[in-house]
Amino acid sequence: MLNAQQKAAVTYTDGPLLVLAGAGSGKTRVIIQKIVHLIEQRHYPAPHIYAVTFTNKAAQEMKHRIQHILPAERRRGLKIATFHTLGLHILKQTPTLCDLHRGFSIMDSEDCLGLIQTFLPPARKRDREDLFRIQQQIFIWKNALLTPEAVSKNSLSEESLEILSLFQRYQDTLRTYNAVDFDDLIGLPVTMLQKHPDVLARWRQKIRHLLIDEYQDSNQAQYQLVTLLVGEQGAFTAVGDDSQSIYAWRGAKPENLSHLARDFPTLKCIKLEQNYRSTGRILQAANQLITHNTSLYEKRLWSELGPGDLIRVLCCKDGQDEAEQVIADLISHRLRHGQSYNHYAILYRGNHQARLFENVLRLQGIPYRITGGDSWFARTEIKDMLAYMRLLCNIQDDTAFLRVFNTPKRGIGATTLETLSKYARQKGQSLYVCAGHLAFLSQIHDKSRQAMENFLGWFNALRVRRQQEPIIPVLQEMVKTMGYETHLYDLHDTSMKAQKCMENVWDLILWVERLLEKKPEHDLSDILNTLMLIDIMDQSNHSDQEAVQLMTLHASKGLEFPFVYLSGMEEELLPHRASIEADQIEEERRLAYVGITRAQRLLTLSLAKQRRRGGELHQCTPSRFLDELPEDNLEWYGRSVATPEQSLARAKSHLAGLKELLK
DNA sequence: TGGGGTGATATTTTT
DNA sequence: TATCACCCCA
């Protein structure tokens with residue numbers, strides 16, 4: 001059953017609609033029901049409805065839920081995807097209008113960073129901070145939809161001027177590689193649609209209603225894309241909550257919520273304030289915390305679920321102790337209440353905090369699942385394989401070539417590569433293409449030439465087969481003949497590791513195969529691009545074997561769990577140090593808000609008195625956010641403020657204990 | 001192949 | 001400090 005506001009949001013189709021939905025107010029439900037309403041009641045054909053989310057997980061969840069409501073034939077052609085996937089769809093329709101060709105590659109942030117690195121003089125290559133600053137600036141420009149030319153019109157500092165020239169070179173290189181980065185997936189469609197009204201008209205016809213989840217996370221470029229696609233009449237439903245805006249660092253503009261009212265005068269706005277998720281005390285705590293922020297939209301969440309339990313605060317000695325206490329508590333709680341492990345979540349600010357918990361969980365033999373952290377694609381063997389596949393599809397992709405040409409080692413060294421780079425730059429063609437030129441081959445030593453010719457012969461044969469045969473056997477053949485397994489055994493000191501890597505390689509092939517089965521009309525390059533945007537782990541996560549969930553606060557948004565442990569409630573960690581310095585406490589507070597509102601029935605906060613950070617042992621102060629919670633709702637454990645005497649006494653007794661043990 | 005030692009390096013969040 | 005890549009030796 002829907003409440004009055006939810007129902008209004010679902011059935012309103014007269015114009016642009018903004019739904020301000022507090023945490024746990026049934027936001028996703030509204031989107032799903034609205035899709036159903038559009039199809040069933042308003043007879044929109046499913047292919048004309050597009051729902052966009054920001055994370056794969058959210059998209060996945062939505063697809064999953066709609067499967068249970070709409071029969072397959074009714075939802076055929078319905079699009080539920082991330083913003084970046086939408087951008088990819090648009091690019092794929094008309095790549096040439098964006099200066100791309102069919103089969104273009106997507107490069108991830110790491111690839112892009114590596115690319116920028118190649119532009120810098122060797123002396124600067126090692127300065128990570130420098131590198132990061134450059135990437136960040138380029139990212140900011142791209143998200144403001146600025147071209148290098150546009151940027152150059154402003155007066156710039158010397159440093160910015162230098163970054164600008166790198167930006168220019170970066171963009172040019174991507175285009176010659178026939179590649180795009182993540183930001184291009186949004187930016188290129190926007191500029192293209194602005195320039196080509198006919199294409200825009202086609203897309204407007206195709207997308208008769210656009211639904212956008214977590215609208216507060218959209219950035220400038222994404223806002224532009226939305227306004228273009230929905231046209232003046234504004235056939236869209238945007239759902240968002242400014243209190244849950246936690247992606248400002250990635251360019252998200254929560255102001256986009258209010259910009260909608262400015263750009264669409266007929267915008268209707270509906271607030272959802274009834275929370276169906278959490279018990280009263282948890283909700284009160286969240287409400288009170290967020291009042292310390294200046295928010296764009298006033299709202300007050302309320303719940304009918306009763307007050308529920310107190311929020312517990314576990315004060316721990318250090319990070320290790322925190323992990324042990326939390327997990328001990330979890331174990332006993334589970335036993336006492338006969339709960340299953342997947343009803344528990346441990347949340348934290350940064351991925352590195354997962355380690356301590358992971359260790360203890362493993363020690364206790366408790367099943368757990370970590371979301372986020374290093375993705376599959378960060379693994380070397382996966383990146384290697386993807387590079388091979390990318391090159392197979394797109395021989396312009398020099399980044400892929402650079403990875404491929406000497407992995408495994410083929411006796412083609414730095415000198416040869418340098419000669420090749422020079423030659424290729426002169427010719428203005430890709431490395432792979434040039435590598436086959438006689439004019440180049442004659443310039444290098446016999447041994448290198450032999451190696452290069454062998455490699456090219458082998459790879460070209462694969463490319464020919466790719467055109468004519470089913471792709472999977474070709475890929476399998478490639479893996480078997482490329483000598484990668486031997487390379488792995490050389491690389492790793494244990495055969496165990498090498499075997500594991502090889503398994504990953506075969507898993508990847510398996511994934512490609514499965515994706516192909518699911519979408520038979522796709523070719524390898526489509527699959528590759530899909531893989532770049534979807535983390536394999538997201539999908540395998542669907543195996544719902546029971547396990548405790550570990551994830552960052554960011555990753556937890558949109559999810560809910562009966563029992564939540566929110567760890568690391570300390571200054572410099574939950575308001576993160578960098579955010580304190582950058583004066584971005586409000587975003588951190590929203591992050592805490594997101595964490596608290598994940599809990600349905602029981603929330604446990606934990607903090608450590610000291611924590612090792614880098615080399616040093618760091619004394620921690622409890623998070624200021626703890627002071628901002630209603631004290632009556634909190635129940636403290638172990639809050640003995642240790643005076644020096646107490647510490648001394650504790651140390652003595654500890655020592656005595658040790659002596660006892662030694663006897 | 002596997003064990004152990006050394007030295008460098010990291011610490012915010014993600015498509 | 002803890003981990004990881006890397007290297008050497010058995």
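A note on names: the letters A, B, ... follow the listed sequences, proteins ahead of strands, and every chain is numbered from 1.
Between A/His84 and A/Phe182, the ring-plane angle classifies as perpendicular under the 30° and 60° cut-offs.
Of the candidate nucleotides B/dT15, C/dT3, B/dT14, C/dT3 has the atom lying nearest to any side-chain atom of A/Arg355. Set against C/dT3, B/dT15, B/dT13, the side chain of A/Phe182 has B/dT15 as its closest nucleotide.
Note on A/Ser109: a base of the nucleic acid sits closer than 4.0 angstrom, heavy atoms only. Residue A/Phe83 is out of contact with every strand shown, counting any heavy-atom pair closer than 4.0 Å.
With hydrogens and angles left out, the side-chain atoms of A/Asn256 and A/Tyr215 include no donor and acceptor closer than 3.5 Å. Using a 3.5 Å distance cut-off with no hydrogens or angles, the side chains of A/Gln220 and A/Gln224 do not pair a donor with an acceptor.
Rounded to whole angstrom, the span from the CG atom of A/Asn219 across to the C1' atom of B/dT14 amounts to 12 Å. Rounded to a whole Å, the CZ atom of A/Phe54 is 10 Å from the C1' atom of B/dT15. Spacing between atom NE2 of A/His352 and atom P of B/dT11 amounts to 8 Å, rounded to whole angstrom units. Look at CG on A/Leu356: it is 14 Å from P on C/dT1, rounded to the nearest Å. A straight line from CG of A/Asp111 to P of B/dT15 spans 16 Å, rounded to a whole angstrom. With rounding to whole Å, A/Asp213 atom CG is found 15 Å from B/dT15 atom C1'. Rounded to a whole Å, the CG atom of A/Leu573 is 12 Å from the C1' atom of B/dT13. We find that CD1 of A/Ile106 is positioned 19 Å from P of B/dT14, with the value rounded to whole Å.
No N or O donor and acceptor, one from the side chain of A/Arg577 and one from the base of B/dT12, sit under 3.5 Å apart.
The stretch residues 578-595 of chain A comes close to DNA chain B through A/Ala578, each having a heavy atom under 4.0 Å from the strand. Contacts of residues 241-252 of chain A with DNA chain B (heavy atom under 4.0 Å): A/Tyr247, A/Trp249, A/Arg250.
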Check step by step if ring pair (Phe, Tyr, Trp, His ring centres under 6.0 Å) holds for A/Phe83 and A/Phe54.
CA-CA 6 Å; A/Phe83 249 108; A/Phe54 282 84; 5.1 Å; yes
Set out, in order, the CA-CA distance, both residues' side-chain angles and the distance that settles salt bridge (Lys or Arg N to Asp or Glu O under 4.0 Å) for A/Lys27 and A/Glu214, then state yes or no.
CA-CA 9 Å; A/Lys27 166 176 70 74; A/Glu214 308 279 13; 3.1 Å; yes
Decide salt bridge (Lys or Arg N to Asp or Glu O under 4.0 Å) for A/Glu628 and A/Arg589; before the verdict, give the C-alpha distance in whole Å, the side-chain angles of both, and the deciding distance to 0.1 Å.
CA-CA 10 Å; A/Glu628 296 172 0; A/Arg589 191 175 282 113; 2.7 Å; yes
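The shortest distance between the side-chain N/O atoms of A/His576 and the OP1/OP2 oxygens of B/dT12 is below 4.0 Å. Residue A/Thr552 has a polar side-chain atom (N or O) positioned under 4.0 Å from OP1 or OP2 of B/dT14. Residue A/Asn351 places no side-chain N or O under 4.0 Å from the OP1 or OP2 atom of B/dT11.
Among the candidates A/Asp108, A/Asp398, A/Asp111, the single residue satisfying the salt bridge (charged side-chain N to carboxylate O under 4.0 Å, His left out) test with A/Arg390 is A/Asp111. Among A/Asp184, A/Asn219, A/Asp183, the single residue meeting the side chain to side chain donor-acceptor pair (under 3.5 Å) criterion with A/Lys142 is A/Asp184.
The shortest side-chain heavy-atom distance between A/Leu591 and A/Arg349 falls under the 4.5 Å cut-off.
Rounded to the nearest 0.5 Å, atoms OH (A/Tyr565) and CD (A/Gln325) are 11.0 Å apart.
Straight-line distance between the C1' atoms of B/dT13 and C/dA2: roughly 22 Å, to the nearest whole Å.
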